[in-house]
Structure formats: C-alpha cells, structure tokens
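Report on the following structure.
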Amino acid sequence: MPKYALLIDYEYCTGCQSCEVACKEEHDFPVGKWGIRVLDDGPWQKDDANDQGSSFNWNKIAVPTDLCDLCARRLENNREPACVHNCLAACMRFGTIEEMAAELAKKPKQVMWAPTE
Ligand code: SF4
Ligand code: SF4
C-alpha cells in the first residue's frame, strides 16, 4: 500500500502548467514524456435546468502519470515534490495518505492521488 499522496484542489487550478514544467525539469524527462499533465474539461453547458451555480462545466485538473514517483529523490533530501513547490495557485499538497484524506474530507473539488509501487 502507498504511504504518501498528492492532494490537488482543482477548484483553484488555473491551468498554468507550472507543475508540468517543474516535474519535467526535475526528472529531465525527454520530449513526449511527462510526470503530470494538466487536463482541460470544458467549457460545456450543464444539462440541468435547476442548476443554481455556474451553467458551464469547465475544470482544469492536474493528473500525475505512471512516471510520477512522488519526487523520491527530493523527498530523500527533505524537499517537497517539485509540482507542489512550483504550483502558482498553491493548490497542490503532499503528505501521508491519512493527512491528505483528512484534508480531502474538508472540501469538495479535490482529488487525492497515490502512485503505483
Ligand atoms: S510528485 Fe514529482 S514526479 Fe510526481 S507529478 Fe509531482 S513533480 Fe512530477
Ligand atoms: S501548477 Fe497548480 S495551478 Fe498550475 S496547472 Fe498545475 S495544479 Fe494547476
């Protein structure tokens, strides 16, 4: 079982892609390989006549790939993951599964992610 996870609060993700770039530079991934990608879903109109909020769905969300190792090398040096450190919206966090799950329970529009081991 994984011990650590990323928590991404996509309500505040701006789609700036700093996490993508920081991860790529940290791991020196070649062209075409990524440790994290920012996906863009929308805008598309919600099909709900009773919708009280925004009438459009438009979420940008950073999703780690199979190449994410949670920045193991940085963690050995007591540094937080490169994506977390460089997220311009400060909407990414790193911690134990338990810590991140506790944060996840506090608000909606967040996702928790753990790597394969
Ligand atoms: S934790 Fe490290 S390897 Fe994983 S997405 Fe973030 S920067 Fe990339
Ligand atoms: S750096 Fe942060 S705000 Fe920018 S795309 Fe990545 S998760 Fe979103």
Side-chain angles (χ1 to χ4, degrees):
M1 287 288 289
K3 292 184 180 146
Y4 296 97
L6 292 173
L7 184 70
I8 300 163
D9 185 344
Y10 65 92
E11 181 175 3
Y12 296 108
C13 173
T14 63
C16 70
Q17 297 180 295
S18 292
C19 51
E20 286 186 356
V21 174
C23 178
K24 211 164 166 51
E25 288 184 353
E26 176 69 25
H27 291 79
D28 205 19
F29 288 136
V31 172
K33 292 195 177 181
W34 306 85
I36 189 166
R37 299 307 307 267
V38 180
L39 307 185
D40 189 357
D41 180 25
W44 48 267
Q45 191 143 23
K46 296 183 204 171
D47 187 21
D48 183 353
N50 296 318
D51 181 20
Q52 299 295 313
S54 166
S55 58
F56 284 93
N57 179 96
W58 195 358
N59 292 310
K60 296 175 188 297
I61 183 166
V63 181
T65 75
D66 288 352
L67 292 181
C68 172
D69 65 352
L70 284 180
C71 281
R73 199 171 49 200
R74 288 174 65 95
L75 296 185
E76 282 172 12
N77 295 311
N78 295 316
R79 301 174 71 198
E80 63 186 357
C83 56
V84 174
H85 188 72
N86 289 281
C87 175
L88 295 183
C91 66
M92 301 186 75
R93 299 183 65 175
F94 168 81
T96 66
I97 294 271
E98 292 77 15
E99 288 168 343
M100 296 301 96
E103 292 300 316
L104 182 65
K106 292 179 182 174
K107 78 173 285 294
K109 297 198 87 167
Q110 300 187 98
V111 292
M112 194 168 99
W113 183 90
T116 53
E117 290 191 319

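Keep in mind that this is a model prediction, so the values were computed, not measured. Read the numbers this way: they start at 1 and go in the same order the structure lists the ligands and their atoms.
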Practice prompt. Using a 4.5 Å cut-off on heavy atoms from C-beta on, say whether the side chain of Leu88 contacts that of Thr14.
Written response: no
Worksheet entry | Those atoms of ligand 1 less than 4.0 Å from some heavy atom in Asp69 | 3 (S)
Discussion item. Rounded at 0.5 Å granularity, tell me how far NE2 in His85 sits from CD in Glu26.
Written reply: 10.0 Å
Worksheet item: Is the backbone N or O of Cys19 less than 3.5 Å from a side-chain atom of Lys24, with the two atoms forming a donor-acceptor pair by type?
Response: no
Item to complete: Below 4.0 angstrom from a heavy atom of Pro81, which ligand 1 atoms are there? Numbered from 1 as shown, please.
Response: 1 (S)
Fill in: Separation of Thr65 OG1 from Phe29 CZ (nearest 0.5 Å)
6.5 Å
Worksheet item: Looking at atom 8 (Fe) of ligand 1, what's its closest protein heavy atom, distance included?
Response: Cys23 SG, 2.3 Å
Worksheet, complete the sentence: Atoms of ligand 1 under 4.0 Å from any heavy atom of Leu70, numbered from 1 in the order shown, are 1 (S), 4 (Fe)
Fill in: Nearest-0.5 Å distance, CG of residue Leu104 to CD1 of residue Ile8
11.5 Å
Practice prompt. Using a strict cut-off of 4.0 Å, indicate which atoms of ligand 1 neighbour a heavy atom of Cys68.
Written response: 1 (S), 3 (S), 4 (Fe), 5 (S)
Worksheet entry | Side chain, backbone, both or neither: the part of Leu67 lying under 4.0 Å from ligand 1 by heavy atom | neither
Worksheet entry | Cut-off under 2.8 Å, centre atom 2 (Fe) of ligand 2, protein N/O/S atoms | Cys87 SG
Worksheet item: Would you call Glu103 and Lys106 a salt bridge, using N to O less than 4.0 angstrom?
Response: yes
Discussion item. Can you tell me how far apart CZ (Phe94) and OH (Tyr4) are? Round to the nearest 0.5 Å.
Written reply: 6.0 Å
Worksheet item: Where's the contact between His27 and ligand 1, heavy-atom distance under 4.0 Å: side chain, backbone, both or neither?
Response: side chain
Practice prompt. First locate atom CH2 of Trp34, then atom CD of Gln17, and finally report the distance between them rounded to the nearest 0.5 Å.
Written response: 7.0 Å
Worksheet item: Numbering the atoms of ligand 2 from 1, which are under 4.0 Å from a heavy atom of Gln17?
Response: 4 (Fe), 5 (S)
Discussion item. How far is atom 2 (Fe) of ligand 1 from the closest protein heavy atom, and which atom is that?
Written reply: Cys71 SG, 2.3 Å
Practice prompt. Before accepting this row, confirm whether a basic side-chain N of the pair Glu20/Arg37 lies closer than 4.0 Å to the acidic partner's carboxylate O.
Written response: yes
Worksheet item: How many angstroms lie between atom CG of Asp40 and atom CG of Asn59, to the nearest 0.5 angstrom?
Response: 9.0 Å
